[in-house]
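Before any comments, here is the structure.
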Amino acid sequence: MLGLLFAGIGIGAAWMARDYAGASGIYPMVLGLILALLGGAVAVRAVRSGRNEVRVLIDAPAQMITAAVIATIYVALVVPLGFYTASFLLMLALPLALGFRQALYALVVSLVFMALIYLVFSVLLEKPLPREFFQSLFAAGA
């Protein structure tokens, strides 16, 4: 059922994005189609499994609350710190808060992820993101 819900949301998002002017609709349309495909895959997998028992939605409610609190802090920090700094901190804090204890591995994954995000948003899509705190700091000193 959840897979069908996400598939429907993805199709709706892609449908709405077709009305955007110029190339501005390509990115949300692609994201909507990806969401629809993944939601459809989840739905097909659920049907093929043949199981129909009720499952617990959340196995670890404390971890879900921790993740929600960290996500809320992340959203609050994007504007004052900038997208890249806040996202890097999220990529470090979330795994460690949820029990992952290999800090060096988390650091490397965070750096690689942020490099990919930079390439996609700033280089490939040329999308403006919130100004980085450190850029403002250095620009004020110059």
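FYI, the numbering just counts along the sequence from 1. These figures come from a predicted structure and were not determined experimentally.
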Within 6.0 angstrom of F88 CZ, more than 12 heavy atoms from elsewhere
yes
Within 6.0 angstrom of F100 CZ, more than 12 heavy atoms from elsewhere:
yes
Nearest heavy-atom neighbours spanning [X] and [Y]:
X	Y	answer
V42	G3	CG1-CA, 3.9 Å
M29	A17	N-CB, 3.6 Å
F6	G39	CB-CA, 4.2 Å
L98	Q63	O-NE2, 3.2 Å
A13	G32	CB-CA, 4.2 Å
L94	A67	CD1-CA, 3.9 Å

Between [X] and [Y], is there a shared hydrophobic cluster once you connect ILVMFWY residues whose side-chain heavy atoms come closer than 4.5 Å?
X	Y	value
L111	V123	yes
Y20	L31	no
I26	W15	no
L96	V69	no
L5	L37	no

Just verifying a value: how many Å separate L124 CG and L116 CG, rounded to the nearest 0.5 Å?
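Here the interatomic distance stands at 11.5 Å.
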Got a second to check how far L77's CG is from L90's CG, nearest 0.5 Å?
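The CG atom of L90 is 10.0 Å from CG of L77, to the nearest 0.5 Å.
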Pair listing, side-chain hydrogen bond (donor to acceptor under 3.5 Å, both in side chains) test, anchored in residues 65-77, at least two apart:
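Checked against side-chain hydrogen bond (donor to acceptor under 3.5 Å, both in side chains) - neighbours excluded - the pairs reaching residues 65-77 are Y74-S87.
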After noting the C-alpha distance and the side-chain angles of L107 and L92, does the key distance pass the side chain to side chain contact (heavy atoms under 4.5 Å, CB included) rule?
CA-CA 6 Å; L107 177 66; L92 280 178; 4.2 Å; yes
For I117 and Y84, run side chain to side chain contact (heavy atoms under 4.5 Å, CB included): C-alpha distance rounded to whole Å, both residues' side-chain angles, the deciding distance at 0.1 Å, then the answer.
CA-CA 8 Å; I117 293 297; Y84 295 113; 4.0 Å; yes
